[in-house]
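Structure, as structure tokens:
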Amino acid sequence: MAILAAILVVISKNPVHSVLWLIVVFIAISGHYILLDAQFLAIVNLIVYAGAIMVLFLFVFMLMNLNAETEPQKNRWLKIAGVVTGGALLLVLVAALKRADLKAQIAEMNKGDIGLIHNLGIALFHDYVIPFEISSVLFLSAMVGVVVIGRREGAPKPPFGQDYGA
Amino acid sequence: MTHLVWLVPALPLAGFLINGLFRNSLPKSLTGIVGCGTVLVSFVLSLLIFGEVRQEGFQPAVINLFDFISVDKLHIAFSFQVDQLSTLFLLIITGVGFLIHLYSTSYMHEEEPPHFARYFSYLNLFVFSMLLLVLGANYVILFIGWEGVGLCSYLLIGYWFKNLDYGYAARKAFIMNRIGDLGFLIAIFLMITKFGSVDFAEVFGKAGGVGRGAITAITLLLFVGATGKSAQIPLYTWLPDAMAGPTPVSALIHAATMVTAGIYMIARSHVLYDLAPATQTVVAVIGLATALLAATIALKQHDIKKVLAYSTVSQLGYMFLGLGVGAYDGAVFHVMTHAFFKALLFLGAGSVIHAMGGEQDMRKMGGLRKWMPATHITFLLACLAISGIPPFSGFFSKDEILAAAYGKNPIYYVIGVFTALLTAFYMFRLYAMTFRGAFRGTHDQEHHLHESPAAMTIPLWILAILAVVAGFLGIPEAFAPHAHWLAGYLRPALGEAAHGPELAKGTELGLMAVSVALAVIGVGYAWVRFSKKPDLAEPTGFGKVLANKWYVDELYNAIVVRPLDLLAQFLVFFEKNIIDGIVNGVGRLVHYGSRQLRLLQSGLVGGYVLLMVVGIVVLFLVELFIKK
Amino acid sequence: MNGASQRLTHQGTTAGDTQYIQTMNAIVLSAIWGIVMMFSGIVTSSKTAIRNTAVVGLLLLVIVNYADMVGYHVEIDTHKMLFFDTFGLLGNSIAFVSTLLLVLLSGRDMEKVGNNLAEYFALIFFVLCGVAIVTTFNTLLMLFLGIEIISIPLYILTGSDKRNLKSNEAALKYFLMGSFSTGLMLLGIAFLYGASSTGTFFIDDLWTARAQVGPLFMAGLLMLLVSMAFKVSAAPFHFWTPDVYDGAPTVFTSFMATIVKVSIFVGFIRLFDEAFGADQVHWQIFVALITAATLFIGNITAVFQQSVKRMLAYSSIAQAGFMLLALLTLNGIAKQGIILYAAAYSLATIGIFAILIRMKDYTFEGFNGLARKQPVLAATCTIFLLSLAGIPLTGGFFAKYYMIAAVIATGKFMWLVVFALLCAAVSVYYYFRVIQAMYFKDGDGTTEAEPSSGFKGLLVVLAVGVIVLGVFPQTLLHQLTRLVYTW
Amino acid sequence: MPINYYIFLAVALFCIGVAGVLTRRNAIIIFMCIELMLNAVNLLLVAFSKMHHHALAATTPSAGIDGQLFVFFIMVVAAAEVSVGLAVIVMMYRNTHSIDVNFLNRLKH
Amino acid sequence: MVPVLLILIPLVTGLVGFFFRSEGPAKVWALLSSLATLVVSLVGLGLAKSSPFLHANVAWLPDLGSRFAVGMDGLSTILSLLTAICFPLIFIATWRVKYSKPWNFYALMLLSQAGLIGVFLATDALLFYFFWELALIPVYFLSSQWGGERRIQATFKFFVYTFVGSLMMLIGIIWIYSHTADHSFSLESFYALRTKISSHDQTWIFWLMFVAFAIKMPIWPLHTWQPDAYEQAPTAVTMVLSAVMVKMGVFGLIRWLAPVVPVGTWAWGDTVSTCCVIGMIYASLVAIRQDDLKRLVAYSSIAHMGLMCLAVFATDANGMQGVMIQMFNHGINILGLWIVVDLIERQFGTRKISELGGLAQKAPGLAILLVIVALANVALPLTNAFVGEFLLFSGVFTSTATQYNVVFMCVAGLSIILGAVYTLNMIQRVFFGNTNGLTERGVDIKFNEKVVLAVIVVIIVFVGIYPRPVLDLTKETADFILTKMSYKQ
């Protein structure tokens with residue numbers, strides 16, 4: 001089902017639809033998380049992705065109020081090539097991996113509790129404190145970045161120099 | 001005395017330097033004095049040395065001046081060898097050389113002082129190199145002289161450098177000599193490999209020790225060198241062209257001395273040649289062929305100097321015949337006599353040309369004996385000498401060679417004698433057309449006719465005397481036993497067998513009779529035929545072939561010069577388009593590739609990602625299939 | 001000698017553990033200073049002040065980093081998340097010093113980009129923080145975070161010239177492809193995680209934890225290789241480079257092309273040495289292929305460029321190709337070499353860009369006759385170009401020398417060496433085109449404004465540095481030899 | 001259930017994402033596809049973490065937790081990327097009223 | 001001590017030279033510096049072989065096992081002497097030439113001199129490579145700045161061509177270095193290897209390095225950069241190129257290649273020799289067809305260098321000595337030729353043989369000096385070149401390294417004849433015959449030019465008559481190299 005939804009994300013003409021389909025994918029994935037008893041992640045996934053991020057996407061779409069692909073479908077060769085290579089990648093990956101003898105490895109259901117917020121929290125703030133701090137820097141930079149980008153600076157000026165190439 | 005021998009070449013060298021460096025400041029008179037004086041002094045020195053050498057039991061002396069080249073095993077000293085042979089040549093060179101210098105002082109007096117000086121400096125340089133050639137105690141020094149004289153002949157032929165044709169003649173001479181020199185050079189290297197030395201003494205000492213093949217190779221290569229220098233088939237064509245130079249030069253270089261260097265060299269290395277009969281045959285045949293060929297060509301020439309030139313070639317052929325049949329002293333003897341009478345002939349011709357105001361075509365001459373008696377007499381004597389009329393010098397030397405040839409192989413003799421007949425014929429054709437009959441030149445030429453000044457006639461007389469009496473240095477056994485002074489004198493240098501095969505007294509006399517008879521016939525026929533009505537008509541038929549020298553020059557052009565030229569043209573093309581083309585092609589390829597690769601940078605994100613993914617796929621494929 | 005095995009011997013020694021517990025002076029400081037810069041924009045509007053603060057910060061960075069190297073530092077337990085060794089720290093110091101030089105040379109030109117100077121500096125400091133992480137990471141998590149911390153600000157800086165469509169376009173392209181490669185990297189990490197028997201992200205455990213070189217392991221390795229290759233712009237994952245470098249404001253192009261690229265290279269080598277050094281045989285062939293492709297495409301494509309800026313973008317690809325040789329061999333010579341290469345390359349490139357920024361016209365014609373107008377600029381530029389071309393007496397020569405020597409020492413891949421040097425010969429073509437333009441062509445190539453004497457002086461210093469590197473690499477080399485022993 | 005299924009599922013999702021990136025021209029959709037890729041990876045990581053946990057739970061109870069934490073960090077980063085990415089896209093849209101990536105070809109060759 | 005000075009004087013003076021701002025002083029400065037170098041090199045010549053002042057060895061890059069090691073044995077002495085002689089002569093001969101920014105010109109000239117001398121003196125491979133490039137770079141700038149109208153392309157072709165070569169050489173050097181026992185670039189440890197390198201590697205190394213040297217010499221078919229470069233470079237630079245720089249190739253071959261990889265050298269000797277012989281004939285024939293004096297001289301130089309290379313591979317005592325003395329001679333002679341060409345070009349503004357003629361009437365002094373130099377060029381006895389070529393040819397002929405020695409010698413010998421052909425052609429058509437409109441206004445040479453040519457002629461004749469000093473100087477080196485080259489023991 002996740003796969004189906006994913007394919008729909010890719011092929012659906014109307015961006016809004018694909019957003020919605022993406023949400024479906026996320027929900028499906030969250031389901032898998034539950035199955036793999038990563039409860040915390042499941043919740044976070046739903047809240048952050050399906051909730052916040054997707055809303056952001058929709059918002060941007062509305063802002064640009066383009067609901068259908070406006071441009072005509074040019075160079076479909078690129079499309080076909082894209083699909084083909086994507087398929088090829090899938091093939092080679094599968095080919096590479098199916099030789100992996102992981103049959104024995106079982107991901108069993110409903111056992112263990114590492115997925116609980118409690119344990120995760122302990123690990124996070126004990127072993128993973130450094131990365132945690134670091135990620136704050138990441139956010140900081142993102143924030144600054146958005147600020148820089150966000151400010152208006154008047155009308156676009158033509159690119160400096162002449163247009164090279166060709 | 002011999003230890004002072006280095007002075008003999010040194011003096012002309014000094015003369016060369018003085019005249020060369022101060023050519024702009026010296027007055028002609030001084031130049032002449034320097035030019036002649038140095039040669040005269042070295043002549044005197046040579047005489048003194050000769051006086052020492054001619055004594056019985058004189059051992060060849062090697063004077064070591066300094067080490068020229070010495071690399072680990074190879075040691076080449078700059079050393080001179082004084083023995084009978086070299087001394088004889090010293091005398092010829094310096095003696096005749098001096099006379100010709102003297103002659104030149106007046107022959108060239110119209111030249112500007114600088115050029116006059118240039119002329120004499122060249123001449124001195126030539127004498128120096130020639131002396132180096134004959135004095136050298138090893139093949140390298142000999143070779144140095146060898147190329148030196150070549151250079152001088154180049155410079156002197158092209159002396160009047162304003163005239164391009166003269167220049168080309170000079171170039172031809174130099175290059176043809178170079179071809180021979182290459183052979184000589186290879187011979188030297190072969191000696192180095194075989195004997196580890198180039199000293200005469202050492203080489204001859206070891207000569208017996210090495211294989212027949214090597215000796216033959218060496219001797220043949222040396223002979224190649226000789227053909228270049230001494231104008232033998234196939235490299236003789238430069239000599240006639242060399243007549244472009246001033247006449248005294250022709251006399252000195254292209255008749256008396258330089259061209260006989262080949263004979264000297266072979267006589268010098270007679271030890272090797274004795275060991276290589278095959279080569280001897282080759283030498284003999286080539287010599288004979290050259291003699292005949294040149295003689296036939298001489299029959300139909302109209303340029304007075306050309307005739308003499310071909311006769312020189314022919315006479316040189318004789319000498320090689322002599323060498324080929326082992327009569328080394330005969331050959332040397334002929335060198336000497338020939339030096340006298342041929343120099344005389346050239347100088348005579350020179351004085352004729354001088355009188356005719358530069359005219360060289362015999363058809364415009366005639367009856368000159370009225371105007372220039374001295375020249376006429378001396379010239380006649382010389383003609384008799386070269387034609388082999390007894391008791392003139394030519395008779396003795398030529399007959400000695402012919403006799404030896406007969407001993408070797410009668411056919412040699414037959415051809416030789418026939419050539420002698422031709423010689424007599426064309427020489428007297430020349431004589432008759434020049435001095436007999438009526439004058440055929442223009443009026444002002446006739447007006448201008450006069451006997452040459454003393455500076456020119458004195459040498460003529462001296463040479464004439466020599467040309468007459470020189471023969472008595474080598475009276476054949478047939479006339480008087482052990483009267484052959486020259487043979488005796490040269491025996492230490494040329495070895496016992498130097499005289500060639502001995503003949504019975506009777507046969508020898510018979511042979512002489514035949515040759516003399518033929519000579520007389522030739523002389524007489526030519527005399528009567530050309531005194532009255534000289535041949536002015538354009539030659540036809542076979543005569544035309546002869547007049548055009550058997551078209552040999554044309555032949556060489558067709559088979560050597562043209563192909564080389566075409567090849568060079570092709571190479572230039574090849575250079576520009578193939579080799580350089582490839583080099584530049586690489587550059588162009590890079591450019592082209594660059595222009596194409598740029599197009600990958602399509603500017604489309606989709607395209608970029610696509611290519612990236614393709615790259616990943618490729619890596620995985622390598623991982624899956626190609627690797628291990 | 002492959003890193004992993006040494007690492008084992010190394011862990012035996014007690015010195016090893018302290019190196020986990022070291023502090024990350026640089027990281028902390030750069031982060032903090034980033035914030036400082038941020039607020040400096042608010043408290044003062046004087047650009048000079050801002051610039052000076054930045055300079056001070058950079059100076060401090062260099063100092064504390066050196067302190068790290070000689071062992072003065074506050075001790076914090078990083079839980080083996082980071083591992084500090086001379087190699088990484090040298091990488092840091094090169095990055096910091098070059099940034100300092102960059103700011104000193106082209107600080108003024110940043111103002112022209114837009115009016116958020118303070119933020120630009122803040123972002124630069126954040127990037128440096130990421131750099132410090134990437135050069136000293138010890139787990140894939142930190143690598144991932146470091147890379148991201150480098151990338152995200154760079155997206156911004158690329159697009160910082162907002163009114164310039166080229167800049168926007170570059171930013172978007174960079175962003176899309178960058179996050180795509182992030183996806184690839186994560187997939188690779190996931191595979192490796194799966195392949196490791198104990199489920200770890202520690203690079204020094206990876207190679208012990210993997211049962212054998214299974215397909216899962218190889219798949220992850222390749223994915224990582226690809227994504228890192230993307231970051232250092234190695235063919236065929238280089239396509240973003242020319243467009244982004246061309247589109248971005250030149251100052252930041254210079255920053256990306258030197259500091260970022262070099263430090264990611266350090267991380268690259270660190271990763272493959274630590275994690276996969278033992279399995280070199282399995283992946284050498286791929287690196288060789290990528291190297292060849294990079295050298296080829298970089299050099300050949302650069303030949304035909306009309307714009308010097310774009311030519312430099314391609315040349316940076318080509319130079320990356322040479323640096324990949326170090327990754328290929330991973331022996332002591334290579335590790336010395338990569339540091340030297342980093343230094344030489346950064347110095348030269350910063351110098352050239354600094355001059356390029358001042359030019360009116362970025363095409364080759366723009367440089368015509370510069371030697372008459374600006375002899376100093378022309379001369380220094382020539383030296384930098386010679387260095388990039390690898391001519392002796394310049395640092396570039398020894399850089400290339402080490403790379404070649406490293407490969408020859410392995411005795412394999414001779415074909416690659418010859419190929420690489422042929423490409424180097426090609427590179428002479430486009431580098432010398434600039435020289436020819438400056439000296440032998442007539443034209444009015446000139447700068448926008450008469451450059452200040454300080455600028456010139458700094459350029460000369462830089463050039464002298466390049467030459468010193470070329471004649472007496474001793475100073476640096478000694479550090480390097482020490483480093484080789486510690487490994 | 002065997003881990004293979006999860007692997008293939010994740011890989012399939014990932015490749016769909018890739019295909020999307022290749023085929024679509026709307027910047028935002030491409031970006032979404034990338035998010036899809038990230039999620040595929042997340043899924044894979046969680047699966048692996050579970051696998052390791054199952055294998056080693058006996059010895060170390062907390063085995064496999066790293067995987068889930070990694071996923072957590074991925075989400076963090078993804079969020080940051082989204083904000084920046086959207087900002088860039090919006091800026092682009094402001095200047096050229098389009099978000100078709102095929103119109104981004106001022107820079108080429 | 002002495003070698004260090006030899007390198008430092010031109011280097012430092014050159015760097016200083018950039019700061020002059022007027023022609024006169026710059027000129028004089030350059031001349032003085034080159035004279036000083038000459039004096040020092042003469043001192044070096046005077047010192048005994050055992051003198052400690054002839055060697056210097058300073059730590060440079062201990063980590064790489066490379067030291068700043070320079071030394072003077074016979075070979076390097078004679079070649080540095082050649083360099084030291086050439087530069088003052090060049091400066092004097094081109095005294096009247098006007099350059100734009102002359103100070104830069106002279107400074108660069110001095111720098112290249114430093115590089116050249118360094119190449120000849122270095123006894124450390126890396127140092128050798130450094131100087132090799134140092135000699136090249138200034139020449140690149142000189143030619144591209146002050147050359148003819150096609151200078152940029154021609155010079156660039158020359159530069160890239162040689163640069164590719166030197167990069168290949170670099171690979172070779174590093175490869176050998178990786179074999180050395182003590183990981184050092186020093187000549188000794190290189191010589192210590194010889195047969196320790198596998199013959200397979202030797203083949204690689206040989207070709208990698210030989211390409212560099214072959215391009216420099218140049219050997220057919222890698223020669224095509226030369227005529228263009230010579231034609232386009234300013235004549236002063238052309239003199240440097242052909243008088244000294246081409247010797248770098250032969251020198252490298254003798255010093256750094258043949259003794260180090262004797263097996264490879266021996267194995268590929270015949271191949272290379274064949275190229276040399278082809279090249280000699282080829283170049284001579286092409287030279288016959290040339291109408292441009294510079295190109296003619298260039299091709300003749302190709303022929304001569306081919307002979308030297310041939311002799312090196314002959315591995316024979318005579319040949320080796322011949323090579324060493326001939327390198328010196330050829331440098332002197334061709335310098336003379338270039339000076340004459342330059343004089344002609346400066347006077348009449350053309351190098352086309354077809355446009356000249358009859359100069360001998362207008363400039364007899366020039367004509368005579370040219371004839372002497374030209375005769376030296378065709379190796380006439382009692383000129384220096386005769387000694388050289390005699391030894392070279394005899395070396396090739398007596399060589400035991402190949403069984404084709406006779407063939408090589410005989411074919412190569414043809415170049416003697418061809419050489420005479422094109423040289424005499426040139427003399428003939430430039431100096432003899434009648435003057436034309438162009439050459440009517442010819443005048444004889446000035447004093448400074450006369451002096452230079454006189455010096456050259458004196459050297460030519462002296463060495464031609466008494467070559468002993470030179471031969472003794474190089475004897476030891478030659479034997480040493482040969483023992484190294486004979487790998488059988």
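Numbered from 1 within each chain, the chains take letters A, B, ... in sequence-line order.
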(request) Show your reasoning for whether side chain to side chain contact (heavy atoms under 4.5 Å, CB included) applies to Val19(A) and Ile29(D). (result) CA-CA 8 Å; Val19(A) 174; Ile29(D) 305 234; over 6 Å; no
Do you know which two heavy atoms are closest between [X] and [Y], and how far apart they sit?
X: Leu93(A); Y: Cys15(D); value: CD1-SG, 4.1 Å
X: Ala123(A); Y: Leu69(D); value: CB-CD1, 3.6 Å
X: Val88(D); Y: Ile149(A); value: N-CG2, 4.4 Å
X: Ala142(A); Y: Ala80(D); value: CB-CB, 4.1 Å

State, with a plain yes or no, whether a side-chain heavy atom of [X] is found less than 4.5 Å away from one of [Y].
X: Phe14(D); Y: Leu90(A); result: no
X: Leu120(A); Y: Phe72(D); result: no
X: Asn39(D); Y: Val25(A); result: no

(request) Quick one: do Phe139(A) and Val76(D) satisfy side chain to side chain contact (heavy atoms under 4.5 Å, CB included)? Show the steps, please. (result) CA-CA 8 Å; Phe139(A) 270 110; Val76(D) 169; 3.0 Å; yes
(request) Apply ring-ring contact (aromatic ring centres under 6.0 Å, His included) to Phe132(A) and list each qualifying residue two or more places apart in sequence or on a separate chain. (result)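 Phe132(A) satisfies ring-ring contact (aromatic ring centres under 6.0 Å, His included) with Phe125(A) once adjacent residues are dropped.
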(message) According to ring-ring contact (aromatic ring centres under 6.0 Å, His included), who are the partners of Phe57(A), at least two apart in sequence or on a separate chain?
(response)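 By the ring-ring contact (aromatic ring centres under 6.0 Å, His included) rule, Phe57(A) matches Phe31(D).
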(request) Name the member of Glu81(D), Met91(D), Met75(D) that forms the most heavy-atom pairs with chain A at distances under 4.5 Å. (result) Met75(D)
(message) Among Ile30(D), Val11(D), Thr96(D), which residue has the highest count of heavy-atom pairs closer than 4.5 Å to chain A?
(response)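 Most heavy-atom pairs within the cutoff with chain A belong to Val11(D).
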(message) Counting heavy-atom pairs under 4.5 Å with chain D, which one of Ala52(A), Gly82(A), Gly86(A) comes out on top?
(response)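 Option with the greatest count: Gly82(A).
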(request) Among Val83(A), Leu56(A), Ile122(A), single out the residue with the greatest number of heavy-atom pairs under 4.5 Å to chain D. (result)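 If we count pairs closer than 4.5 Å to chain D, Leu56(A) comes out on top.
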Atom pair [atom1]/[atom2] of [X] and [Y] - distance to nearest 0.5 Å:
X: Phe59(A); Y: Leu86(D); atom1: CZ; atom2: CG; answer: 10.0 Å
X: Gln68(D); Y: Tyr33(A); atom1: CD; atom2: OH; answer: 9.5 Å
X: Lys50(D); Y: His32(A); atom1: NZ; atom2: NE2; answer: 15.5 Å
X: Ser135(A); Y: Ile74(D); atom1: OG; atom2: CD1; answer: 13.0 Å
X: Ile80(A); Y: Leu22(D); atom1: CD1; atom2: CG; answer: 13.0 Å
X: Leu13(D); Y: Ile29(A); atom1: CG; atom2: CD1; answer: 5.5 Å

Please flag which part of [X] lies under 4.5 Å from any non-hydrogen atom of chain D: side chain, backbone, both or neither.
X: Val84(A); value: neither
X: Leu89(A); value: both
X: Ile53(A); value: side chain

(message) Apply side chain to side chain contact (heavy atoms under 4.5 Å, CB included) to residues Tyr49(A) and Val82(D) and explain how you reach the verdict.
(response) CA-CA 10 Å; Tyr49(A) 266 111; Val82(D) 169; 5.8 Å; no
(request) Decide side chain to side chain contact (heavy atoms under 4.5 Å, CB included) for Leu36(A) and Tyr6(D); before the verdict, give the C-alpha distance in whole Å, the side-chain angles of both, and the deciding distance to 0.1 Å. (result) CA-CA 10 Å; Leu36(A) 293 166; Tyr6(D) 281 109; 3.9 Å; yes
(message) Given heavy-atom pairs under 4.5 angstrom as the criterion, report whether the side chain, backbone, both or neither of Val21(D) touches chain A.
(response)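 The answer is neither part of Val21(D).
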(request) Under 4.5 Å heavy-atom distance to chain A, tell me which part of Val18(D) shows up: side chain, backbone, both or neither. (result) side chain
